[in-house]
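Encoded as structure tokens, the structure appears first; notes follow it.
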Amino acid sequence: MKSFSDRREFIRVASMTGAGLALANRLTAASNKSVLVFTKSAGFEHTVVKRVDGKPSLVDDTITDLGNKHGFRVGVTKDGRIFDSKEFHSYTGVVFFTTDDLTTLGTDGKPPMSAKGKQELLEAVKNGIGFVGIHAASDTFHTEPDPKDLSNRYIAHGDQEDPYLRMLGGEFIIHGREPRLQDANLIVNDPKFPGLEGVTSPVSFNEEWYSLKDFMPDLHVILTLDTHGMKGECYQRAPYPVMWARMHGKGRVFYTAMGDRPENWKNEFFLNSLAGGIRWSIGDVNAQVDVNLKEAAPGYAEIPPKFPEKNK
């Protein structure tokens, strides 16, 4: 394996007790399951994934805590070279909170993925590694071209969509801006999914709600956003999925559109659903993930109107 100039940035690994391990390959011999949290920001860097003074981010710490609680180990990194390494293949699952084209240096200046690394990720999921996408994971690897006016995001690309987004199950278009955050009701389509047991509709939640499209037809929808009464052009559409699960080959894929607000990383509903998704993705718990997209969100294919151009 190639050597790296900054091993600490390449990989940080937390044990079950929270104490750091020196080398990621220690996980290979571990009897329990392990999850890699990847938070490179090639585009906008969210507050919850920022590291201040070299300290782990809120996402790093919170998912490590979830691992300690539920019995899986957690490694965290912003270094895209991990996907070209043997360490990557020692993990049971991977969690993405990322933005934009991860094969570029981008906003945070951390080493990018290689094109080969991206393919390694997709093949690994297809062959059985679990994948969890949080919030901006759907704002990653947009189908090219992706001009500044976002015009290509309002087109349904179907089979021509970027293969990462097809693996994930959907693509971010835009979120509201006036207001950016708003309360909305969530429809619980699967109250038996791990982490949602006993939760009933509707669930009121405050978030930076992503307007999404190009949903894979084989989605098992877990939560749908009730768009009725929401403010902003991007929500002038039928209710659509904001949490789902799907199989990508042998890999279990889970996505939640929530996670922007730092306050929500202490919210019991959000954390329980995220923990359930992670545990399902690594095979720690099971669930029925029958296709229900058309039943749960009949208007899922609607594309919302574009925001009007700002006055110059």
Side-chain angles (χ1 to χ4, degrees), residues 95-99 122 125-126 130-144 146 150-176 184-190 193 196 201 203 205 207-228 230 232-249 251-260 273-274 276-277 280-281 287-306:
V95 177
F96 267 41
F97 194 127
T98 52
T99 51
L122 297 176
V125 176
K126 187 176 180 180
F131 186 91
V132 171
I134 304 174
H135 194 56
S138 62
D139 187 19
T140 299
F141 287 124
H142 286 284
T143 302
E144 295 294 340
D146 186 31
L150 309 184
S151 55
N152 206 31
R153 298 189 193 178
Y154 288 86
I155 298 171
H157 295 288
D159 292 345
Q160 303 304 310
E161 188 178 33
D162 186 274
Y164 164 87
L165 293 170
R166 290 184 64 76
M167 178 274 291
L168 181 65
E171 180 180 11
F172 165 70
I173 306 172
I174 199 168
H175 58 70
N185 286 329
L186 294 169
I187 302 164
V188 181
N189 303 104
D190 183 0
F193 193 84
L196 289 176
S201 296
V203 177
F205 203 78
E207 184 56 271
E208 176 191 74
W209 294 108
Y210 276 10
S211 193
L212 301 156
K213 55 98 175 179
D214 260 329
F215 299 104
M216 286 292 285
D218 62 359
L219 292 192
H220 175 75
V221 181
I222 303 167
L223 296 178
T224 304
L225 184 67
D226 185 352
T227 52
H228 296 104
M230 293 186 69
E233 287 84 355
C234 59
Y235 309 118
Q236 305 312 303
R237 57 184 296 188
Y240 58 90
V242 288
M243 182 183 290
W244 62 75
R246 66 177 300 267
M247 297 300 300
H248 186 72
R252 296 180 173 192
V253 177
F254 171 85
Y255 174 75
T256 175
M258 297 179 285
D260 173 81
S273 64
L274 177 59
W280 174 77
S281 76
Q288 292 291 327
V289 291
D290 300 332
V291 176
N292 67 347
L293 177 61
K294 292 182 179 179
E295 293 76 21
Y300 70 92
E302 289 186 14
I303 301 292
K306 295 180 183 179

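Everything quoted here is computed from the prediction, not taken from an experiment.
Side-chain N or O atoms of Ser201 include one that pairs as donor or acceptor with a backbone N or O of Val188 at under 3.5 Å. Using modelled atom types, no side-chain atom of Arg246 and backbone atom of Leu219 make a donor-acceptor pair closer than 3.5 Å. For the pair Asp214 (side chain) and His157 (backbone), a donor-acceptor distance under 3.5 Å is present. Put simply, the side chain of Asn292 never gets that close to the backbone of Glu295: no donor and acceptor are under 3.5 Å apart. Checked by atom type and distance alone, the side chain of Asp260 never pairs as donor or acceptor with a backbone atom of Glu208 at under 3.5 Å.
When side chains are defined from C-beta on, Tyr210 counts as touching Ser138, because their heavy atoms get closer than 4.5 Å. Within the 4.5 Å cutoff, no side-chain heavy atoms of Asp190 are placed close to those of Val221. Contact of the Ser273 side chain with the Met258 side chain is registered, since non-hydrogen atoms from C-beta on lie closer than 4.5 Å. Met167 has its side chain within reach of Val253: a pair of non-hydrogen atoms, C-beta onward, lies under 4.5 Å apart. Side-chain contact between Glu161 and Leu168: absent, with no pair of heavy atoms (C-beta onward) separated by less than 4.5 Å.
The minimum heavy-atom distance between Glu207 and Gly259, with the atom names listed, is OE2-N, 2.7 Å. Between Pro239 and Thr227, the closest heavy-atom pair is N-OG1, 3.5 Å. Closest non-hydrogen pair, Ser211 versus Cys234, comes out as OG-O, 2.8 Å. When every heavy atom of Gly133 is checked against every heavy atom of Ala137, the shortest pair comes out as CA-CB, 3.6 Å. Summarising the geometry of Thr224 relative to Tyr240, their closest heavy-atom pair is CG2-O, 3.3 Å, with the distance given to 0.1 Å. Taking every heavy atom of both residues into account, Pro241 and Ala297 meet most closely at CD-CB, 4.0 Å.
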Are Thr99 and Thr140 close enough, and set up right, to give a side-chain hydrogen bond (donor to acceptor under 3.5 Å, both in side chains), and what steps lead you there?
CA-CA 5 Å; Thr99 51; Thr140 299; 5.9 Å; no

Go through the steps to decide whether Leu150 and Ile174 satisfy the test side chain to side chain contact (heavy atoms under 4.5 Å, CB included), and finish with yes or no.
CA-CA 8 Å; Leu150 309 184; Ile174 199 168; 3.9 Å; yes

Going through the checks in order, is the side-chain hydrogen bond (donor to acceptor under 3.5 Å, both in side chains) test met by Gln288 and His220?
CA-CA 9 Å; Gln288 292 291 327; His220 175 75; over 6 Å; no

Take Ile173 and Leu212 through the test side chain to side chain contact (heavy atoms under 4.5 Å, CB included) and record every step on the way to the result.
CA-CA 6 Å; Ile173 306 172; Leu212 301 156; 5.9 Å; no

Show your working on side chain to side chain contact (heavy atoms under 4.5 Å, CB included) between Asn185 and Phe205 and close with a plain yes or no.
CA-CA 6 Å; Asn185 286 329; Phe205 203 78; over 6 Å; no

Could you walk me through whether His175 and Trp209 satisfy the side chain to side chain contact (heavy atoms under 4.5 Å, CB included) test, starting with their C-alpha distance in whole Å, then the side-chain angles of each, then the deciding distance to 0.1 Å, before giving a yes or no?
CA-CA 6 Å; His175 58 70; Trp209 294 108; over 6 Å; no

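The line from CD of Gln236 to CD of Glu302 is 10.5 Å long, rounded to the nearest 0.5 Å. Atom-to-atom distance recorded for Asp226:CG and Leu186:CG is 9.0 Å, nearest 0.5 angstrom. Distance check, rounded to the nearest 0.5 Å: NE2 of His248 to NZ of Lys126 gives 6.5 Å. Note: His142 NE2 to Phe172 CZ = 6.5 Å, rounded to the nearest 0.5 Å. Distance check: Ile187 CD1 to Leu223 CG gives 9.5 Å after rounding to the nearest 0.5 Å. How far OG1 of Thr256 is from CD1 of Ile134: 7.5 Å, rounded to the nearest 0.5 Å.
In terms of the side chain to side chain contact (heavy atoms under 4.5 Å, CB included) criterion, residue partners of Glu233 (sequence neighbours excluded) are, by chain and number, Pro305, Phe307, Pro308. A search for salt bridge (Lys or Arg N to Asp or Glu O under 4.0 Å) contacts involving Arg237 returns nothing, not counting sequence neighbours.
Ring planes of Trp244 and Phe215: perpendicular class, angle over 60° (limits at 30 and 60°).
Arg166 and Asp159 are joined by a salt bridge, as a carboxylate oxygen and a charged side-chain nitrogen come within less than 4.0 angstrom of each other.
Checking each of Tyr255, Phe254, Phe141, Phe131 against Phe96 for a ring-ring contact (aromatic ring centres under 6.0 Å, His included) leaves exactly one that passes, namely Phe131.
Both cation-pi conditions hold for Lys306 and Tyr154: the charged atom is under 6.0 angstrom from the six-membered ring centre and inside a 45 degree cone around its axis.
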